[in-house]
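Notes for the one structure printed next.
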Amino acid sequence: MCFSIYKNCEFGSEQACRKKIAIIGAGPGGLAVAMQLTEQGHDVHIYEKAAEIGGRTSLLKQDGFSFDLGPTALNMPNVLTALFADCNRNIQDYIKLISLDPLYSLYIDDIVFSPSPHQDKTKRAIAQLFPGEEEHYDRFMRDNAKKMIYLLPIWQEPFTSLWSVFRLRTLRALPSLTLGNHLIDELAKYFEDKRLRLAFSFETKFLGMSPWQTPGAFSVIPFSEHYFGVFHIIGGINRLTYAMSEIIQENGGNIHLNQCVQQINIASKNITSLTLENGETVEADYFFLNADYAYAMSHLFFLPKSTY
Ligand SMILES: Cc1cc2nc3c(=O)[nH]c(=O)nc-3n(C[C@H](O)[C@H](O)[C@H](O)COP(=O)(O)OP(=O)(O)OC[C@H]3O[C@@H](n4cnc5c(N)ncnc54)[C@H](O)[C@@H]3O)c2cc1C
């Protein structure tokens, strides 16, 4: 997740002059911002406290083996393809993506359900294991495709003030948020067999939640897996963050490892500089905070509330 702090910036416009940008954190969010800003010709510096890039999507090497420390499979690669295309790169020149079929195998009680990115195959599997539910699967996919069309744009927009909530696009998406309904209730509208409801809600454990607590809007997650597929990157998801850093460096950007930002300095409600743990002060025209938001707000800003 990336949080930007703007002054009077016209990034991307023809007139935009070269600005110095400081980014805190070399997780996928910080790297994505740096890719785009270096592509636009800005002088970009990422300050990363760890010895490696990647954040929670980084790599552990041990005894000749490599392990992904965070995510292991990729969903909706179209988002990444668009990011690379924005930087005039073809993602396939950097990473090798394999579409998994089956998506995964789920062992629930006495059955093994292995859905496919091909919906006709999934329907056949459902018809075999849960006769009669295959039509319900069709309806689930149809309804969630519509839900996705309304929800995706608002998930990709910043909410910078209370008024953002009242944008037409947001108001139109309200019914799709199925407020007050939990995911398990949403799924009960479609699937009669409780095992099938679990098969379409296990992803909530990745969010540290249960389907009985997760908002109903999250039905778009199983939908997106079934619709777009689940992908493996040869070498692991960490290859993606390395590919991103490669592009940043090709574009002349700088990634400073082992450089912990200790403080974000503010004057007249604007961020003016960063103080690194080694005492160095970093000034820049724009600052991007990619560190965990709650941690950053409580540890990196040291100002009385009245001055915010
Ligand atoms: C086990 C596991 C499984 C996961 N599975 C999935 C999944 O299937 N799908 C999915 O979408 N997501 C998954 N995630 C989450 C995913 O890894 C994160 O959403 C993603 O890495 C967030 O990227 P980010 O750039 O916003 O933040 P981060 O990856 O957290 O990067 C933030 C970076 O900022 C650096 N930093 C923090 N403070 C400072 C400071 N003061 N100075 C300098 N640097 C600083 C950190 O060291 C870090 O490198 C998983 C995570 C884990 C741990």
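We count ligands from 1, going down the list as the structure has it; atoms in each ligand are counted the same way. Hydrogens, waters and symmetry mates are skipped; everything else that's a heavy atom, side chains included, is used.
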Atoms of ligand 1, numbered as shown, that sit under 4.0 Å from any heavy atom of C260: 41 (N), 42 (N)
Specify whether H45 and H256 have parallel, tilted or perpendicular ring planes, treating 30° as the upper limit for parallel and 60° as the lower limit for perpendicular. parallel
Any N or O on V261 sitting closer than 3.5 Å to an N or O of ligand 1? yes
Nearest-option assignment for atom 2 (C) of ligand 1, heavy atoms, candidates A50, G70, A296: G70
Using a 4.0 Å heavy-atom cut-off, which part of H299 comes near ligand 1: side chain, backbone, both, or neither? neither
So between A51, G25, P71, A26, whose heavy atom ends up nearest atom 15 (C) of ligand 1? P71
May I ask whether N290 has any heavy atom positioned less than 4.0 angstrom from an atom of ligand 1? yes
Backbone, side chain, both or neither: what part of L69 comes under 4.0 angstrom of ligand 1, heavy atoms only? backbone
Using modelled atom types and a 3.5 Å cut-off, is there a donor and acceptor pairing between side-chain atoms of D193 and backbone atoms of R195? yes
In sequence, state the C-alpha distance, the side-chain angles, and the governing distance for F191 and F130, and then conclude on ring-ring contact (aromatic ring centres under 6.0 Å, His included). CA-CA 10 Å; F191 302 118; F130 311 97; 8.5 Å; no
Measure the SG-CD distance between C260 and E48 for me, rounded to the nearest 0.5 Å. 9.0 Å
Determine which pairs satisfy ring pair (Phe, Tyr, Trp, His ring centres under 6.0 Å) with at least one residue from residues 51-73, sequence neighbours left out, and list them in order. none
Restricting to heavy atoms, the pick from G27, A32, P28 nearest atom 23 (O) of ligand 1 would be P28
Between D101 and S116, is the side chain to side chain donor-acceptor pair (under 3.5 Å) condition met? List the steps. CA-CA 5 Å; D101 190 2; S116 160; 3.1 Å; yes
Under 4.0 Å from a heavy atom of I24: which atoms of ligand 1 are those, numbered in the order shown and with their elements? 40 (C), 42 (N), 43 (C)
Purely on distance, is any nitrogen or oxygen of T57 under 3.5 Å from one on ligand 1? yes
Sub-4.5 Å side-chain heavy-atom contact between H182 and P211: no
Atom indices of ligand 1, in the order listed, that fall short of 4.0 Å to a heavy atom of G29: 24 (P), 25 (O)
Polar contact flag for T72 and ligand 1 (N/O pairs, less than 3.5 Å): no
Counting each atom of ligand 1 from 1 as listed, which ones have a heavy atom of Q259 under 4.0 Å away? 43 (C)
If you draw a 6.0 Å radius around CH2 in W163, do more than 12 non-hydrogen atoms from other residues or ligands fall strictly inside? no
Any donor and acceptor pair, going by atom type alone, linking the side chain of N75 with main-chain N or O of G229 inside 3.5 Å? yes
So, 4.0 Å and heavy atoms of F206: is ligand 1 close enough to count as a contact? no
Pull out every atom of ligand 1 sitting under 4.0 Å from any heavy atom of G55, numbered as shown with elements. 29 (O), 31 (O), 48 (C), 49 (O)
Shortest heavy-atom approach to atom 33 (C) of ligand 1 - which of E203, H256, E48: E48
Taking atom OH of Y150 as the centre, does the number of heavy atoms from other residues, nucleotides or ligands within less than 6.0 Å exceed 12? no
Taking only heavy atoms of G54, which atoms of ligand 1 are found under 4.0 Å from at least one of them? 29 (O)
Applying the ring pair (Phe, Tyr, Trp, His ring centres under 6.0 Å) criterion to F140, which one of F223, Y190, Y227 satisfies it? Y190
